[in-house]
Amino acid sequence: MSREKIFALVDCNNFYVSCERLFNPIIKNRPAVVLSNNDSCVISRSNEAKNLGIKMGDPLFKIENKINLYNIAVFSSNFSLYGDISSRVMEIIRKFSPDIEIYSIDEAFINLTDINMNLDNYGISIVKTVEQWTGIPVSVGMATTKTLAKIATSIAKKHKKFRGFFNMTRHSDIKRILEITPIDDVWGIGHKYAKKTKYFRIENAYQFSKLPDTFIKKYFSVNGLKTAMELRGVSVIPMELFSTRKSIVVSRSFKEPLMELDELKAAFVYFSTLAGEKLRRERVETKFIKIFIKTNRFDKGNYLYNEDFMLLPNYTNTTKDIINTSLLLLNRIYHNNIKYKKAGILFTNLVSSNNKQWDIFCNSAEYKKKNQLSKSMDTINKRYGSYTVKYANINLSSKFLPSQKRKSKEYTTNWKELATVK
DNA sequence: TCTGGGGTCCTAGGACCC
DNA sequence: TCTGGGGTCCTAGGACCC
């Protein structure tokens with residue numbers, strides 16, 4: 001029998017808002033929110049904003065009143081800033097265990113099974129170190145499975161008295177904790193499954209964990225069964241240490257619907273540029289390029305979705321190839337007099353640039369030339385800011401560009417916007 | 001009126017083959 | 001045209017996550 005595993009989840013508190021606060025100490029205790037693309041809806045809230053009843057996903061127009069009434073600080077999202085802060089946080093967490101799974105921009109699991117130290121001290125030390133070195137507050141939860149660690153973290157976050165850390169590994173009363181954990185708070189139980197559990201009169205995590213396996217599998221599939229096992233303390237969701245990306249998407253909703261082909265073309269040049277950068281950053285390539293255009297999904301009865309794809313003869317990650325392909329596909333699926341509200345480009349079947357198969361007919365000299373051009377552009381744009389150099393046909397003044405009226409500066413990633421010291 | 005973007009995994013069902 | 005079983009592979013759609 002192998003030793004019981006120990007997982008810790010490190011979760012940044014209100015991550016995007018916390019990032020904004022680093023550079024705006026003035027809003028330290030003011031309620032604050034960060035908005036999604038086009039400044040449409042709320043995607044991050046400070047504790048004060050949560051206490052004012054602002055919900056995740058609330059559209060901006062719905063909370064205008066509260067914003068004025070309570071002087072809420074509002075930010076457009078600034079993902080290059082958040083991404084940069086995130087990687088700093090992750091590097092610090094890595095010092096506590098190299099066995100790390102970066103689960104999302106603001107969360108990481110670490111495996112502490114082989115750490116021969118007092119776990120309580122270790123957990124408190126993680127919370128303190130990350131906060132001191134980056135200024136980002138985090139919560140840490142420990143347990144014998146990832147699903148339980150999720151619960152432990154939310155307890156650490158919810159109750160001030162724990163100071164950001166909760167250890168569930170040797171808790172004498174896990175049953176009691178699961179009983180007070182609503183089933184829809186459990187990792188792996190989403191909207192639809194929560195509704196089903198209600199139907200079966202399952203209210204909390206403990207009740208769910210006690211259901212017969214065959215029943216769970218029938219109504220909640222194997223993933224539901226995994227969740228139940230993990231709640232019972234049996235670790236069945238392993239750490240994913242070397243996840244390789246399987247798909248890449250770049251898509252945007254337009255503030256104003258686009259109708260003209262030229263407008264959409266500009267949008268796809270923009271998407272292709274971002275998508276190419278992403279492929280190269282991840283060191284992957286693709287043959288499979290799909291694009292889609294669609295109308296407003298809330299416009300019932302008139303919803304229209306069009307997509308098309310192409311399988312390229314050779315793997316690529318060069319912006320030029322992606323632009324050419326996406327414009328060709330756009331010509332195929334575009335129709336007159338349609339109000340397109342959202343569009344995007346998608347790559348699947350990615351392969352690593354390092355070990356891809358060379359095709360017999362691939363012109364490798366041509367390939368290397370295009371590749372070199374793309375890479376040089378990336379280097380320049382990284383150093384001097386996005387779109388310092390770009391393909392001539394990209395038209396950044398077009399109306400497809402996301403509207404971000406309240407964006408903070410790129411303090412850490414753009415030379416032109418370094419924070420100034422007063 | 002306004003309602004994001006980017007991912008992964010599982011399953012059911014169709015196409016195709018013997 | 002109808003008849004049957006069994007297997008694989010692929011894809012669309014649905015579920016979940018942040």
Side-chain angles (χ1 to χ4, degrees), chain A residues 9-16 33-45 54-65 67 75-79 82-83 86 101-109 146-147 150 153-154 183-197 216-227 230 236-238 240 243-257 271 274-275 278-279 281-282 284 288 290 292 294 296-300 303 305 307 309 311 339 341-350 402-405:
Chain A
L9 174 65
V10 186
D11 191 351
C12 300
N13 301 342
N14 316 329
F15 183 57
Y16 301 157
V33 297
V34 171
L35 303 174
S36 66
N37 194 37
N38 287 327
D39 295 342
S40 310
C41 55
V42 174
I43 54 171
S44 180
R45 308 156 292 157
I54 292 174
K55 299 267 180 309
M56 196 70 167
D58 273 354
L60 180 59
F61 71 93
K62 268 192 185 166
I63 59 166
E64 292 282 9
N65 280 341
I67 289 171
F75 295 90
S76 302
S77 44
N78 183 347
F79 283 101
Y82 311 150
S86 170
E101 173 186 342
I102 297 173
Y103 180 67
S104 74
I105 193 166
D106 66 343
E107 275 176 73
F109 287 101
K146 286 165 86 178
T147 304
K150 273 271 185 185
T153 306
S154 75
I183 184 62
D184 39 355
D185 283 359
V186 173
W187 189 45
I189 305 294
H191 249 79
K192 296 280 166 111
Y193 283 2
K195 222 171 155 184
K196 253 191 220 180
T197 55
I216 297 176
K217 188 149 185 247
K218 181 171 176 194
Y219 293 104
F220 304 92
S221 111
V222 297
N223 287 330
L225 187 54
K226 281 184 188 169
T227 300
E230 290 242 321
V236 291
I237 304 176
E240 300 208 2
S243 80
T244 47
R245 195 182 293 285
K246 294 175 181 63
S247 67
I248 283 178
V249 178
V250 174
S251 71
R252 294 286 184 277
S253 295
F254 309 122
K255 189 99 189 167
E256 299 290 330
F271 295 155
L274 294 183
K278 228 167 173 177
L279 283 172
R281 204 180 316 130
E282 300 276 337
V284 287
F288 187 93
K290 178 162 110 177
F292 67 86
K294 58 188 191 176
N296 192 340
R297 71 193 158 104
F298 297 100
D299 187 3
K300 296 219 161 53
Y303 179 60
Y305 175 90
E307 64 174 32
F309 70 91
L311 197 56
K339 288 181 176 172
K341 182 66 178 158
K342 183 172 178 176
I345 182 164
L346 186 144
F347 309 130
T348 55
N349 301 57
L350 305 178
S403 107
Q404 295 203 301
K405 295 197 178 124

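As a basis for the values below, the full set of heavy atoms in this structure was taken, side chains included, without hydrogen atoms, waters or symmetry mates. Per chain, numbering begins at 1; letters A, B, ... match sequence-line order. Predicted, not measured: the structure shown is a model, and the values here were computed from it.
A close approach under 4.0 Å does occur between a side-chain nitrogen or oxygen of A:Arg252 and OP1 or OP2 of B:dG6. Phosphate contact (OP1/OP2 of B:dG7, side-chain N/O of A:Lys278, threshold under 4.0 Å): present. Within the structure, a side-chain polar atom (N or O) of A:Ser247 is placed less than 4.0 Å from OP1 or OP2 of B:dT8.
Distance CG (A:Asn349) to C1' (C:dT11): 12 Å, rounded to an integer number of Å. Rounding to whole angstrom units, CG of residue A:Asn37 and C1' of B:dG6 are separated by 12 Å. Rounded to an integer number of Å, the gap from CD1 of A:Ile248 to P of B:dG7 is 6 Å. In this structure, A:Lys146 atom NZ and B:dC9 atom C1' are separated by 13 Å, rounded to whole Å.
A:Lys196 comes within contact range of no nucleotide atom at all, as no heavy-atom separation falls under 4.0 Å. Using a 4.0 Å heavy-atom criterion, one finds that A:Lys62 contacts no nucleic acid atom at all. Heavy atoms of A:Lys55 sit nowhere under 4.0 angstrom from any nucleic acid atom.
Along DNA chain B, the nucleotide nearest A:Lys217 and the nucleotide nearest A:Val250 are compared for position; the residue whose nucleotide lies closer to the 5' end is A:Val250. Residues A:Lys226 and A:Phe61 each lie close to DNA chain B; by heavy-atom proximity, the contact nearer the 5' end of the strand is made by A:Phe61.
Side-chain contact between A:Phe254 and A:Glu256: absent, with no pair of heavy atoms (C-beta onward) separated by less than 4.5 Å.
Dense packing is recorded around CZ of A:Phe79, with more than 12 heavy atoms of other residues, nucleotides or ligands lying under 6.0 Å away.
Among the duplex regions that DNA chain C forms, those built from at least three successive Watson-Crick or G-U pairs under 3.5 Å are B:5-18 with C:5-18, ordered by first number.
In this structure, A:Lys294 NZ and A:Glu307 CD are separated by 10.0 Å, a value rounded to the nearest 0.5 Å.
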Could you pull out the protein-nucleic contacts involving nucleotides 14-18 of chain C (nitrogen or oxygen on both sides, under 3.5 Å)?
unit_1	atom_1	unit_2	atom_2	d
C:dA15	OP2	A:Lys192	NZ	3.1
C:dC16	OP1	A:Gly190	N	3.1
C:dC16	OP1	A:Gly190	O	3.3
C:dC16	OP1	A:Lys192	N	3.2
C:dC16	OP1	A:Tyr193	N	2.7
C:dC16	OP2	A:Lys192	N	3.3
C:dC17	OP1	A:Gly188	N	3.0
C:dC17	OP1	A:Ile189	N	3.4
C:dC17	OP1	A:Ile189	O	3.3
C:dC18	OP1	A:Lys150	NZ	3.0
C:dC18	O3'	A:Asp106	OD1	3.2
C:dC18	O3'	A:Glu107	OE2	2.9

